[in-house]
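In what follows, chains carry the letters A, B, and so on, assigned in the order in which the sequence lines appear, proteins first and then strands, with residues in each chain numbered from 1. This is a predicted model, so every value here is computed, not measured.
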Protein chains: 2
Amino acid sequence: MAEDRRTRRTRRALNDALVGLVLERGYAAITVEDIAERADVARATFYSHYRDKDDLFTRVAAELLDELRERLKPLVAENAVGFTGKPVLEMFRHAQDRRDLYRIILRGEGDGKPLRMFTEDFVRATGLEFRKRAELNGVEPRLAPDLLARVWVGEQTAVLQWWVEHDTPPMPAEEVSRMLLDLAVHGRYWASGFPAPA
Amino acid sequence: MAEDRRTRRTRRALNDALVGLVLERGYAAITVEDIAERADVARATFYSHYRDKDDLFTRVAAELLDELRERLKPLVAENAVGFTGKPVLEMFRHAQDRRDLYRIILRGEGDGKPLRMFTEDFVRATGLEFRKRAELNGVEPRLAPDLLARVWVGEQTAVLQWWVEHDTPPMPAEEVSRMLLDLAVHGRYWASGFPAPA
DNA sequence: TAAATTTTCAGACAGAATGTTCACTAACTC
DNA sequence: GAGTTAGTGAACATTCTGTCTGAAAATTTA
């Protein structure tokens with residue numbers, strides 16, 4: 001028995017209503033009533049699907065994360081040797097496709113809970129990757145992989161946020177991900193045009 | 001006429017109560033009643049000082065920012081030529097002194113509003129600094145200063161958050177700020193132990 | 001110290017949003 | 001077409017909000 005068409009429809013409508021409203025008015029300013037109204041659904045129906053506003057937002061964010069993981073999976077497996085920009089680029093593309101949702105999550109709406117989910121997940125995966133890579137290539141990291149992962153994730157989310165907040169993209173996904181990679185590889189002196197010190 | 005001692009006392013009590021409660025239960029879970037109770041103040045008194053919960057949090061965060069700016073001021077003026085780690089170190093020290101407040105802000109409590117204030121302010125100052133420095137030294141940035149500022153702020157806040165979330169600091173302020181600086185200067189290949197590619 | 005000013009207090013109030021329940025109707029699956 | 005499941009709308013108690021009292025307490029000022 002496949003999922004009932006009605007539940008699919010109302011869930012979808014509620015998800016969309018949430019994202020739209022949060023984008024317009026901010027998470028704190030909207031009520032369950034508002035969401036139900038925009039979705040054209042009775043308020044009681046909302047509660048038969050989600051415990052509360054938070055529950056809805058959390059699930060929407062979790063689904064986005066699943067979607068992202070799914071898109072990244074084939075790319076991370078492939079390049080276990082060196083750093084390539086492929087996963088980074090794919091994330092920017094994903095953000096382009098689902099810009100509204102990325103926006104509100106990266107803004108820290110919902111008391112930052114969805115953003116924390118996103119970040120923590122990201123840090124975990126990155127840290128793992130860094131450690132694996134160091135071991136595989138027999139190199140000794142000069143900095144703790146955990147710290148390195150935080151920094152890398154921090155950079156990426158900062159730029160991602162900046163990028164999605166523009167109504168019209170300030171540069172294509174390819175360009176911004178290339179810049180980010182160059183910066184990570186060469187460091188800030190390189191990027192700012194200064195000659196590197198001793 | 002100096003400020004009435006009573007207002008100083010109750011404001012202080014309300015500020016502390018807010019920070020403590022948010023740390024324990026999260027911003028969304030606490031009510032004005034809770035804050036007033038912990039501060040041992042009538043609820044009506046709360047409203048004679050602040051418009052609502054948000055207003056209180058916003059002002060507390062703004063005061064922290066002022067405090068930080070005050071501590072940073074002498075350090076940024078002095079080193080207009082090269083990059084030194086002094087302002088970074090000072091920020092970590094400030095975070096150490098006011099750890100609880102830093103924690104809740106960096107967690108994105110209060111729908112991320114205080115965090116956005118923090119970040120935006122930081123980005124603005126950093127961007128300005130970058131531009132000034134490039135001009136002063138007659139170098140041509142390879143990346144837009146704005147983007148560079150975002151990245152730098154993203155790195156710093158990510159590490160800062162990681163650092164304050166430990167009950168006992170994982171490393172002293174001096175060490176973490178030095179690491180961060182090394183990383184920014186030399187880039188990720190250097191940090192991870194890989195030989196830099198062409 | 002006394003008078004004048006300001007702040008705090010406790011309680012009451014209407015309004016808004018929450019989360020639950022229920023009997024009924026509509027839509028869907030098989 | 002029969003049987004099952006989901007959505008409806010209305011009602012309900014509860015909680016929190018923000019505002020407003022008049023009286024009591026603490027403070028500043030003279």
Side-chain angles (χ1 to χ4, degrees), chain A residues 1-63 104 109-114, chain B residues 1-63 104 109-114:
Chain A
M1 49 164 153
E3 198 192 15
D4 195 306
R5 176 200 273 157
R6 288 169 295 180
T7 68
R8 259 201 318 275
R9 273 171 47 85
T10 67
R11 280 213 164 89
R12 178 64 191 268
L14 288 169
N15 288 12
D16 291 350
L18 174 81
V19 175
L21 284 167
V22 172
L23 203 56
E24 290 166 25
R25 293 191 228 154
Y27 185 78
I30 67 173
T31 69
V32 171
E33 178 78 64
D34 294 331
I35 301 170
E37 192 181 345
R38 158 113 27 148
D40 208 3
V41 146
R43 198 164 62 91
T45 305
F46 176 98
Y47 286 108
S48 76
H49 286 279
Y50 303 101
R51 202 172 46 257
D52 51 25
K53 210 172 53 155
D54 249 68
D55 186 37
L56 169 58
F57 196 10
T58 304
R59 294 208 214 176
V60 168
E63 276 161 30
I104 63 177
E109 296 278 5
D111 252 15
K113 200 181 154 197
Chain B
M1 49 164 152
E3 197 191 17
D4 195 305
R5 176 198 273 157
R6 287 168 297 180
T7 69
R8 260 202 317 275
R9 274 172 47 86
T10 68
R11 280 213 164 89
R12 177 65 191 266
L14 288 169
N15 288 13
D16 291 351
L18 174 81
V19 175
L21 284 168
V22 172
L23 203 56
E24 290 166 23
R25 294 190 229 156
Y27 185 78
I30 67 174
T31 70
V32 171
E33 179 77 64
D34 294 332
I35 301 169
E37 192 181 344
R38 158 114 23 150
D40 207 2
V41 148
R43 197 164 65 91
T45 306
F46 175 98
Y47 286 108
S48 78
H49 287 277
Y50 302 101
R51 204 174 44 258
D52 51 26
K53 209 172 54 155
D54 249 67
D55 185 38
L56 170 57
F57 196 10
T58 304
R59 293 209 214 176
V60 168
E63 277 162 31
I104 64 177
E109 296 279 6
D111 250 14
K113 201 181 154 198

Q) Is it the case that A:Lys53 places NZ or CZ above or below the six-membered ring of A:Tyr27, under 6.0 angstrom from the centre and within 45 degrees of the axis? A)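 The answer is yes, since A:Lys53 meets both limits relative to A:Tyr27.
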
Length of the [atom1]-[atom2] vector between [X] and [N], whole Å:
{"X": "B:Asp40", "N": "D:dA26", "atom1": "CG", "atom2": "C1'", "answer": "16 Å"}
{"X": "A:Phe46", "N": "C:dT21", "atom1": "CZ", "atom2": "C1'", "answer": "17 Å"}
{"X": "A:Tyr47", "N": "C:dA17", "atom1": "OH", "atom2": "C1'", "answer": "8 Å"}
{"X": "A:Arg9", "N": "C:dC28", "atom1": "CZ", "atom2": "P", "answer": "7 Å"}
{"X": "B:Leu21", "N": "D:dC16", "atom1": "CG", "atom2": "C1'", "answer": "16 Å"}
{"X": "A:Asp55", "N": "C:dT20", "atom1": "CG", "atom2": "P", "answer": "11 Å"}
{"X": "A:Asp54", "N": "C:dA17", "atom1": "CG", "atom2": "P", "answer": "17 Å"}
{"X": "A:Arg8", "N": "D:dT5", "atom1": "CZ", "atom2": "P", "answer": "17 Å"}

Q: Among B:Ile30, B:Val22, B:Asn15, B:Asp16, find the residue that satisfies the side chain to side chain contact (heavy atoms under 4.5 Å, CB included) test when tested with B:Ile35.
A: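 Output: one option passes, namely B:Ile30.
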
Q. Does B:Thr31 or A:His49 map to a spot on DNA chain D nearer the 5' end, using the closest nucleotide for each?
A.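 Residue closer to the 5' terminus by nearest nucleotide: A:His49.
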
Q. Taking B:Arg8 for the side chain and B:Glu3 for the main chain, is one N or O donor matched with an acceptor at less than 3.5 Å?
A.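 A pair under 3.5 Å: yes.
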
(Q) Any side-chain N or O of B:Thr7 below 4.0 angstrom from OP1/OP2 of C:dT6? (A)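 Negative; the distance criterion is not met.
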
Q) D:dA6 phosphate, OP1 or OP2: any side-chain N/O from A:Thr10 under 4.0 angstrom? A)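 No, outside the criterion.
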
Q: Any chance you could lay out the salt bridge (charged side-chain N to carboxylate O under 4.0 Å, His left out) test for B:Glu63 and B:Arg11, step after step, and finish with the verdict?
A: CA-CA 13 Å; B:Glu63 277 162 31; B:Arg11 280 213 164 89; over 6 Å; no

(Q) For a quick check of understanding: with a heavy-atom distance under 4.0 Å over all strands, which category does B:Arg5 fall into, base, sugar-phosphate or nothing? (A)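 Here B:Arg5 touches the backbone only, sparing every base.
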
Q: Side chain of B:Arg6 only, please: which of D:dA26, C:dT18, D:dT8 is the nearest?
A: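 Output: D:dA26.
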
Q) Nearest of D:dG18, D:dT8, D:dC20 to any side-chain atom of B:Asp52? A)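 Of the options given, the side chain of B:Asp52 lies nearest D:dG18.
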
Q | The single option from A:Thr10, A:Thr7, A:Asp55 passing side chain to side chain donor-acceptor pair (under 3.5 Å) against A:His49 | A |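 Output: one option passes, namely A:Thr10.
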
Q.
Using a distance-only criterion (donor-acceptor N/O pair, under 3.5 Å, no hydrogens), is the base of D:dG18 paired with the side chain of B:Arg43?
A.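 Yes, the side chain and the base share a sub-3.5 Å donor-acceptor pair.
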
